[in-house]
Structures are given as structure tokens and as C-alpha cells.
Asks: 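Starting off with a structure, shown below.
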Amino acid sequence: MATDSLERVTNLLALLLESRAPLTLDQIAAQLTDQYPAAEQARRAAFERDKALLRGEGVPIETEVLGGDRAGQTAYRIDRARYELDLRLDDDERRALQVALAAVRFAGDAGGLGSGDGVWTESALWKVGADDAGGAVAGVEASLPAVAGLATLHHAVASRSTVTFGYRGKVRTLDPWGLLGREGFWYVVGHDHDAGEQRTYRVDRIDGSVAVGDAAVHPRPEGFDVRHAFPADAKQIGGGGATAQVAIDLERAGAAVRELGPDAVRERRADGSVVVEVPCANPLAFRSWVLGFLEHAEVLGPAEQREAIVTWLRDLAGPR
Amino acid sequence: MTAQAPRRRGPRPTNVRLRRLLVMLPWLMERGEVPLAEMAQRFRLSESELVAELELASMCGLPPFVDELIDVFVDEGTVYAGVPRVFTKPMRLTAPEAFALVAAGRAALQLPGADPDGPLSRALAKLDAALGEADLAVEMAAPPESDVLVAAATSGEVVEIRYWSAARETSTDRRVAPRAVFADRGNWYLLADDLDLLAAGADAQRTFRLDRIERLVPTGAHVDVREVERPEEWFADDSVATAVLRLAPPAMWAVERYPVRSIEPIAGGGAEVELAVASERWLSRLLVRLGPHVEVVEPAAWRSLAADTARSVLARYGE
């Protein structure tokens, strides 16, 4: 009779959880009578598949190489204390997490975080969610981009592990200090081994998978706060605090002042236009911001900022 | 989302079934007995699928196999579980589960109406204690108007807004019934029914960007509350036309920012994309910002739009 593959893998898990001593494959096969193939190679292959499946589901299977009369053989065990969930959530905390997961959705299905059958967001709720919560919060919701690699990076930040990943054609080695969701993107910030300094990477631009090294190898700097690791305003990136003066017409003056705050206003003119002081340390972000106003904005100074915009436009306008 | 109806092809993979079984068993053992329908709904299985999985679980066991893992039977629409055995607690959180809970929890703490000292904060502290504290921050501070709009969506109150349309570059006054407030790609939006459009018999559901609402006045008048599903693809302002753009690598951020209908990678790292265009003005702004890194493929009428726009902006600089 062909047994359901779920049955064997469940039995294997139960056996390893209940066994007090680590078990070798021979011992496992002897206990799970007739469930693994008799031929050694086929048995090993079937067991490796089951082990990979369990580990893929997060089961902490540990291995050790035996000594004594079975020297060199590998034995397997699961530490029940490491296996079991032990959060001790109160009912209102369970409900709060359930409501949070209903209000904040993951957009896309990268990393198994979106919607559909067999997603991790669903099993997370089964583990911690309340029984009675309706779930939805009226009127408000948010979505976060689901990006492959996020869960691994989060785990690495929490466990102080070093990670390696490909980024723009280079392999980077990073001690990740924090993860930040900002303006619809995820960033990982940490100490880059090769650069020898703090670096920020966009998680969705990571090529392929993120490899995690040993835990507890790197410290996080005292007082590090990922929200302050790089400026929220892209126009400030690059530092130095450089600013430019930009005139904004009446039509868009209100919106510009709402965005920049009243402290940015240098002059309010009789025609309703304003002159605002705007960060321009990052020329690309500054140009993009100014051109978003089209003919309703004019860079007044400094001269090189004004000239840069004019040159960009001339190249685009082409010959007359 | 289409989460309600399980739409699947073929049998579920073993790992997905195992994942479910390992939370179902401790959940069931803690309760002792539970209506079959309730359990099936919670774990998103049909009743017959659930019975099949429980039957399988009752055949699992440790040597010498008299000691089954779970003593379970189904009778008259109720599931009964006996003495707890091996799987008395669910498995610890996997990395994706932990991330989902922490990220969603941190984000939800910033939603309008969230209580920073409430049960969600306590739950997150317990997660940190179990997983190791991680500096994970999500920025989605809602603008001040959102509280009023969320309250209006909940109560059905009509509000008047003055809204600046980026497509038409004008502000108009509108009477709207807020339905939902949501954050996406770094911006906050209001989903509302435009009551003047509704009265005219037109399709009235509109999406407004909160930072373009110049004035907001609650009216005290009420309409019926309506639950809305956020559309999968949408645009603040009405989008009609589409354009096909050829983007060089430095222009690829546009793909990340705006909903694209199709994307075709081209040699050298760029892509040819079709995107919804809210208005010619909107496209002008995009093109002049992308500069030499974009080329309009279709429609032909917009191929000179970037150069024309650049000239009109240059006029501002006295050229």
C-alpha cells in the first residue's frame, strides 16, 4: 500500500521529537517499520527529502556525528524546547496581531507572504491568532511590498548574523543592523565588510537569495536607529546640507508649502507665488522634484543648480 | 483579494499539509471538541478535506503504532480529540511568519486610531523577546486628515473636499462619501464615492491622494456605510489612455513607482513597458524627469511630448 507522504514525514517528526537520544538513519528506518525503502541508497535519498522538507518548514533538526562503536555515523534529533512555540500571548494580544495582519497586507507573493493557498501569513495567524476575531478593521488598511529575502534578512538582524548577497553584479558581505520600510520600499542597513563602512541596500534589488552565516557574530552600534540611518528626504542624500532657492507659482504654492513645511518659505510674493529653500544635496532627486512642477517652478539659485536644470532641459528640447 | 474561495489545481503539496496539520492538532487538543464546520473554516479546508486529514493523522503514530499521535474522531458534525500526545504545541514561528507578524504589527501601530500602549505593542514586545530584538521599522505615518476620514468611512458621514487633480492641474470642490483610507507605495489614499457623480448616475468610486486634499470639511450629513474592496489596479485621478515607453536602466524606477500593465525586458537592463496614463500633463511630468532615459514608442502623438514640455519649461528660464 502506498502510504501518503505526509504520514511518513509526520511519523519521522514525532519520532525525533519523542526520542531522548539522537537517532541514526538505520535506527529511524528500524523504528518506522516498512516506511523507508529497504535499499540503502533509496532509503538515504527518501530520508534526505523528508529532512529537507521538515527543515524547509522550519523544524530545527540537529545533527551530530557519533563516536564510540558507531564512530562516524550521523545522528539526528529535535530539541523540543527549540521546536515548540512559546509566546504566552494574552487573548487581546492575539486579537491585536490578527487585526494587524488583516489591516496590513503584503503586496505581491514574493517570499510566500501574499495571498493564496499555503502562505506564511496564514500559518502565522493560525499559530498566534485569536479564535473569535472578525479580523478586518473598518476603514483603514495599508500594504507593504512583499520581497524575497526579507524574512531571511529580518532573521539575520535579530540573530546578529552576517549575510552575503549579490547586488548590482557584486557579492556583498553585510552585518545587517536594521530593516526599514520607507516610501514603498524595503532597505537593509548595516556594516559592509568590503567597503569597511555603513551601507544601505534596497532589498528588492538584491540578486538571488540571501545567505546567512553564524549567529551572534556582530554587535550593533550603540544607539543605532534604522529610521535615521539615511535621510527620509531623497533630496538630502549625499549630505552636506546644501539647499537651493526655488520659486513656485500660486497654483502649486500651497502644495509645496504643505510638503516642505512653513519653515522652508523664504518669501511670499504679491502674486501668490512663494520662494522656498529646498535640500539639493542629491542632484537627481532635486531635479526630479523641481521638474514635477513643470513650468510652475523655477530654480533661482545657486547658479550651478539653475544651470544644471537648464542644461538638462536644453538637451531634452533638442535643436530648435 | 480572492482569499475566500480556495481555488487550487491538484493536491496540496506535502509541506503545506504538514504545516497545517502541525497547528491543527494542538489547536484541537486544547479544545477537546469543536464543530467540524468551524474547524474547517478556520483552517480553510472543505469539511471532507478536513475529515480526510484528521483520518490520516489518526493513523500516524510512534512505534509500536498502538500509540497513535492523536486520538481523534468525527461524529455528527463534531470533531472530538482525546488525550494530548506528541504535538501539544504548535511549532515555533518560521522566519517568514515572524517577519510577517513583526512587520505588519509595526506598520499597524502607525495606522490612524492605533493605540501605541495597547495590546499590539505588548504582543510585539513578546515577539521580540522570543525572536531576538530586531531593528525593523516601517514608516507610514498617516497625515492628520486621515483620522477624520477613517471616522467618516466608519459612520457614513459625507465630507466636502477641495482636491487638486494632478491630471487636470486644477482644484475642484467635491462632496464625497469616504469608504476606506489606505497606504500604498509610500502614499496615503482615500477611496470614496463622489456623490455628484453618483447623483448623475455615473461610476462614482474615486481614489484621492491625501496630500492633494487642500481642504476638508465634515458636513454632518450621512449616507449608508458601504464596504469596499480596494481595486487591484487603480490610479489617483482617472486614467484612460496607455502609453508604451522604452526605459533605459536609470529610468527603471518608474516601473517601481507606477502600475504598469505589461513589462518586456530589453537588452542592456532596460524594459519596454505599457503604463496607464492619467493625463497628458501627467505623462509630460514623467517624461521630462526621465529625460534622455526614456523614449515614447506608442502612441506616436506623444513622441515629441518630452521635447515640447522641455521647451515650455525652458521659457520659464527666459530661453
Side-chain angles (χ1 to χ4, degrees), chain A residues 4-7 10-11 14 17 31 53 57-58 83-85 87 89 92-93 96-97 100-101 103-104 111-113 115 117-118 120-121 123-124 126-127 138-143 150-151 154-155 157-159 178-184 226-227 288 291-292 294-295 298 310 313 316-318, chain B residues 1 3 8 14-17 19 23 56 60 62-63 69 86 89-92 94-97 99-101 104-105 107-108 111-112 119-120 122-123 126 130-132 134-140 150 153-154 180-186 285 288-289 291 306-307 310-314 316-317:
Chain A
D4 190 315
S5 58
L6 178 62
E7 190 179 335
T10 307
N11 286 337
L17 268 174
Q31 296 263 13
L53 186 149
E57 288 300 299
Y83 169 87
E84 285 181 344
L85 180 71
L87 284 175
L89 293 168
D92 61 341
E93 295 160 357
L97 285 173
L101 261 186
V104 180
L113 292 169
S115 59
D117 204 46
W120 293 110
T121 36
S123 53
W126 288 337
K127 287 182 185 175
V140 61
E141 65 172 61
S143 67
L150 277 174
H154 176 232
H155 169 70
V157 172
S159 60
L179 264 181
L180 176 66
R182 169 176 282 170
E183 304 270 317
V226 72
R227 287 167 302 177
S288 186
L291 291 176
L294 291 179
E295 71 275 17
E298 178 184 353
V310 170
L313 289 168
L316 205 51
Chain B
M1 306 265 148
R8 299 181 295 106
T14 306
N15 66 324
V16 172
R17 292 171 62 206
R19 191 183 305 169
V23 269
L56 182 125
C60 293
L62 290 174
L69 299 187
V86 180
K89 281 189 177 180
M91 189 173 59
R92 63 179 184 168
T94 63
E97 289 166 347
F99 171 78
L101 289 168
L111 295 179
L120 182 55
R122 294 200 305 274
K126 287 181 181 177
L131 304 167
D135 189 4
L136 184 152
V138 183
E139 291 181 340
M140 50 173 56
V150 171
T154 316
V181 172
F182 65 92
D184 193 15
R185 297 173 214 232
R285 272 195 298 273
V288 81
R289 289 155 81 201
R311 275 183 219 113
S312 78
V313 181
L314 273 174
R316 175 80 201 232
Y317 289 83

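Throughout, protein chains are lettered first and strands after them, A, B, ... in sequence-line order, and every chain is numbered starting at 1.
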Asks: Heavy-atom cut-off 4.5 Å, strictly under: side chain, backbone, both or neither for A:Ser159 against chain B?
Replies: neither
Asks: Pick from B:Met91, B:Glu139, B:Arg285, B:Lys89: which one has the most heavy-atom pairs with chain A under 4.5 Å?
Replies: B:Met91
Asks: Heavy-atom pairs under 4.5 Å with chain B - which of A:Ala96, A:Ala158, A:Gly178, A:Gly184 has more of them than the others?
Replies: A:Ala158
Asks: Within the structure provided, determine whether A:Lys127 and A:Leu87 are in side-chain contact (heavy-atom separation under 4.5 Å).
Replies: no
Asks: Is it the case that the side chain of B:Arg311 and the backbone of A:Ala317 share a donor-acceptor pair, with hydrogens and angles ignored and the cut-off at 3.5 Å?
Replies: yes
Asks: Relative to chain A, which of B:Gly291, B:Ala153, B:Pro112 shows the most heavy atom pairs under 4.5 Å?
Replies: B:Gly291
Asks: Checking heavy atoms, do the side chain of A:Leu17, its backbone, both or neither come under 4.5 Å from chain B?
Replies: side chain
Asks: Does the pair A:Thr121 and A:Leu101 meet the rule for a side-chain contact (heavy atoms from CB on, under 4.5 Å), with working shown?
Replies: CA-CA 8 Å; A:Thr121 36; A:Leu101 261 186; 4.3 Å; yes
Asks: Report which part of B:Met140 has an atom under 4.5 Å of a heavy atom belonging to chain A: side chain, backbone, both, or neither.
Replies: side chain
Asks: Are the side chain of B:Arg92 and the backbone of A:Gly58 linked by a donor-acceptor contact shorter than 3.5 Å?
Replies: yes
Asks: Before accepting this row, confirm whether a basic side-chain N of the pair B:Arg122/A:Glu93 lies closer than 4.0 Å to the acidic partner's carboxylate O.
Replies: yes
Asks: I'd like to know which of B:Ala95, B:Gly132, B:Ala123, B:Ala130 tops the heavy-atom pair count under 4.5 Å against chain A.
Replies: B:Ala123
Asks: Pick whichever of A:Glu183, A:Glu57, A:Arg227 has the most heavy-atom pairs under 4.5 Å with chain B.
Replies: A:Glu57
Asks: Identify which part of B:Val288 has an atom lying under 4.5 Å from any heavy atom of chain A, answering side chain, backbone, both or neither.
Replies: both
Asks: Does the B:Arg316 side chain pair with the main chain of A:Glu298, one donor and one acceptor, at a distance under 3.5 Å?
Replies: no
